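This structure is a prediction, so every number in the text was calculated from the model and none was measured. No hydrogens, no waters, no symmetry mates; every other heavy atom, side chains included, goes into these values.
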Amino acid sequence: TEGETTFKTTGKPIVSAMRTACSAVRATFARAPRWLLPYAVAFVACQGHVMSDPSIIVIPPLAALVFQSAGRHPMAGLLGAFACVNGGYASGILLGSLDALLQGITQKVVTIVPQGAGVTTSIAMNYYFSAVSGLILPIVGGFLIDRVLEPRLGPWRQDTTVAPGAASSATKDASQR
């Protein structure tokens with residue numbers, strides 16, 4: 001059918017690319033000490049502004065994958081990365097597209113103020129604050145993931161996943177109501 005042909009031409013390359021990305025993430029973090037993972041995930045997430053808006057969608061699942069492959073709770077990685085991407089979105093040690101946007105807005109505002117005549121702004125005008133925040137926020141985020149979030153989620157057991165095609169008891173109970 002047409003749907004099968006569409007999947008074969010577009011779906012298989014996407015699945016292959018996702019497998020490659022998952023392997024790359026595992027290989028990158030495989031040698032990292034277990035205690036370092038929350039801080040590394042928080043650091044990468046706080047630099048997500050370089051990737052722009054897709055970072056909010058891309059980084060958290062990758063963080064969950066990293067945590068799961070290290071035997072840690074994947075929800076801690078997912079939730080912690082989501083919080084760090086959003087909390088540290090305007091900060092980071094690298095300049096991003098948001099810095100360019102803010103520079104354009106600030107330049108327009110400066111021309112409104114009489115004392116601002118002749119003042120030019122730069123894309124790096126906020127860099128010192130951003131860089132310091134980009135180093136402090138991952139430390140705070142990593143600490144919160146490691147010491148607050150993950151202990152509240154409880155221990156991670158990989159054998160708790162439901163086999164494909166098998167419904168859990170909660171699903172069966174909900175369908176009987």
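Counted within 6.0 Å of CZ on Arg34, heavy atoms from surrounding residues, nucleotides or ligands total more than 12; the atom is thus considered enclosed.
Distance CZ/Phe129 to OG/Ser91: 7.5 Å, rounded to 0.5 Å. To the nearest 0.5 Å, the span separating OG1 on Thr106 from CG on Leu101 amounts to 9.0 Å. Distance CG/Leu36 to CZ/Phe43: 11.0 Å, rounded to 0.5 Å.
Across every non-hydrogen atom of Val66 and Val41, the tightest pair is CG1-CG2, 4.5 Å. Listed here is the closest heavy atom pair of Ile59 and Gly48: CD1-CA, 3.9 Å. Closest of all the heavy-atom pairs between Ile56 and Val85 is CG1-CG1, 3.5 Å. Here the closest heavy-atom approach between residue Val110 and residue Gly116 is recorded as CG1-O, 3.3 Å. Considering every non-hydrogen atom in both Ala42 and Gly141, the closest pair reads CB-C, 4.0 Å. Annotation for Cys46 and Cys84: closest pair SG-O, 3.7 Å, computed over non-hydrogen atoms.
Between Tyr89 and Ser52, the closest side-chain pair of non-hydrogen atoms falls below 4.5 Å. No side-chain heavy atom of Pro138 sits less than 4.5 Å from a side-chain heavy atom of Tyr39. With a 4.5 Å cut-off on side-chain heavy atoms, Leu79 and Leu149 count as touching.
Two different hydrophobic clusters hold Leu153 and Ile145 under the rule that ILVMFWY side chains link at heavy-atom gaps under 4.5 Å. Following chains of ILVMFWY side-chain contacts shorter than 4.5 Å, one can reach Ile136 starting from Leu144, so the two form part of one hydrophobic cluster. With hydrophobic clusters built from ILVMFWY side chains whose heavy atoms lie under 4.5 angstrom apart, Val50 does not share a cluster with Met125.
Although no hydrogens or angles enter the test, the distance criterion places no donor-acceptor pair under 3.5 Å between the side chain of Asp146 and the main chain of Phe143. A donor-acceptor pair is defined here as one N or O able to donate and one able to accept, closer than 3.5 Å; such a pair exists between the side chain of Asn86 and the backbone of Phe82. In terms of modelled atom types and a separation under 3.5 Å, the side chain of Glu150 and the main chain of Arg72 share no donor-acceptor contact. Between the side chain of Gln103 and the backbone N or O of Thr121, at least one donor-acceptor pair lies under 3.5 Å. Judged by distance alone, the side chain of Ser55 and the main-chain N or O of Met51 form no donor-acceptor pair under 3.5 Å. Remark: the backbone N or O of Ile93 is not paired with any side-chain donor or acceptor of Ser130 at under 3.5 angstrom. At distances below 3.5 Å, not a single donor-acceptor pair connects side-chain atoms of Gln107 with backbone N or O atoms of Thr120. Checking side-chain atoms of His73 against main-chain N and O of Arg152 turns up no donor-acceptor pair under 3.5 Å.
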